[in-house]
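Here is the naming used below: chain letters follow the sequence lines, and residue numbers restart at 1 for every chain.
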Amino acid sequence: GAGVSQSPSNKVTEKGKDVELRCDPISGHTALYWYRQSLGQGLEFLIYFQGNSAPDKSGLPSDRFSAERTGGSVSTLTIQRTQQEDSAVYLCASNAGGEVNEKLFFGSGTQLSVL
Amino acid sequence: GNSVTQMEGPVTLSEEAFLTINCTYTATGYPSLFWYVQYPGEGLQLLLKATKADDKGSNKGFEATYRKETTSFHLEKGSVQVSDSAVYFCALRTGGGNKLTFGTGTQLKVEL
């Protein structure tokens, strides 16, 4: 596609429910990132996929968070047993991964609200 | 660990005013530094970058100089326009990975 696509754009859920957030990166981009933006906070790194390498999961805040990237393209971020503190905008970004300081292309994010 | 500190917003300016958004950082090694911008309703996009000390990044009239001695990367523009209204994020990258560490963002509002 023309850009990084995320769905849904908004998600309201009840505390304790599981949610799945989807990211479609730009076609051909091998690197994919998930960030979280909470009110008053910076963008918090969550997880990074690069090609077929093992993902860098160092930013995942708890074992309730997991992410997959199937076929080197679409990624799904899953949050189990959601808590109110999980409310945030979840951003996905991608790039071709060919250069060290290559710019990231961001999606518009998923606004998650946990009631 | 790595961290980025930005001035708090919102910053409200009149059109054609001079803009400075402060950014300082803490990092191990020699980071690369970035400014990303998020226009209303859009995703973040790279505005400019500098990869070594004393480099100046520039784009769309914005500039930022990598100051190693003050660990700073302040964003400046000589004459802002209403269309510059957005949230600006300072970021850094260190080491061999591509993971970026971002600041909290500074909202800029430019009024006529």
Lys/Arg-Asp/Glu bridge criterion (N-O < 4.0 Å) met for [X], [Y]:
{"X": "B/D84", "Y": "B/K77", "result": "yes"}
{"X": "B/D55", "Y": "B/K49", "result": "no"}
{"X": "B/K52", "Y": "B/D54", "result": "no"}

Under 6.0 Å between the ring centres of A/Y35 and A/Y90?
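Centroid distance A/Y35-A/Y90: not below 6.0 Å, so no.
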
For the candidates B/V4, B/L46, B/L44, which exhibits the highest count of non-hydrogen atom pairs separated by less than 4.5 Å from chain A?
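Option with the greatest count: B/L44.
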
Proximity of residues 101-112 of chain B to chain A, residues having a non-hydrogen atom under 4.5 angstrom:
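When heavy atoms of chain A are the reference, residues 101-112 of chain B contributes B/F102, B/G103, B/T104 within the under-4.5 Å range.
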
With a 4.5 angstrom heavy-atom cut-off, could you sort out which part of A/S38 is near chain B: side chain, backbone, both or neither?
neither

Turns out that what part of A/Q6 lies under 4.5 Å from chain B's heavy atoms comes down to neither

Residue B/E8 versus chain A: region with a heavy atom under 4.5 Å
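For B/E8, no heavy atom lies under 4.5 Å from chain A.
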
Between A/Q50 and A/Y48, do the side chains contain a donor N or O and an acceptor N or O under 3.5 Å apart?
yes

Just checking, is any N or O donor in the side chain of B/E42 or A/S108 under 3.5 Å from an acceptor N or O on the other one?
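Looking only at side-chain atoms, A/S108 and B/E42 do not form any donor-acceptor pair under 3.5 Å.
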
Minimum-distance pair of heavy atoms, taken over all atoms of A/L46 and A/P61:
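Where A/L46 meets A/P61 most closely, the heavy atoms are CD2-CD, 3.9 Å.
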
Less than 4.5 Å apart, any side-chain heavy atom of A/Y33 and any of A/I47?
no

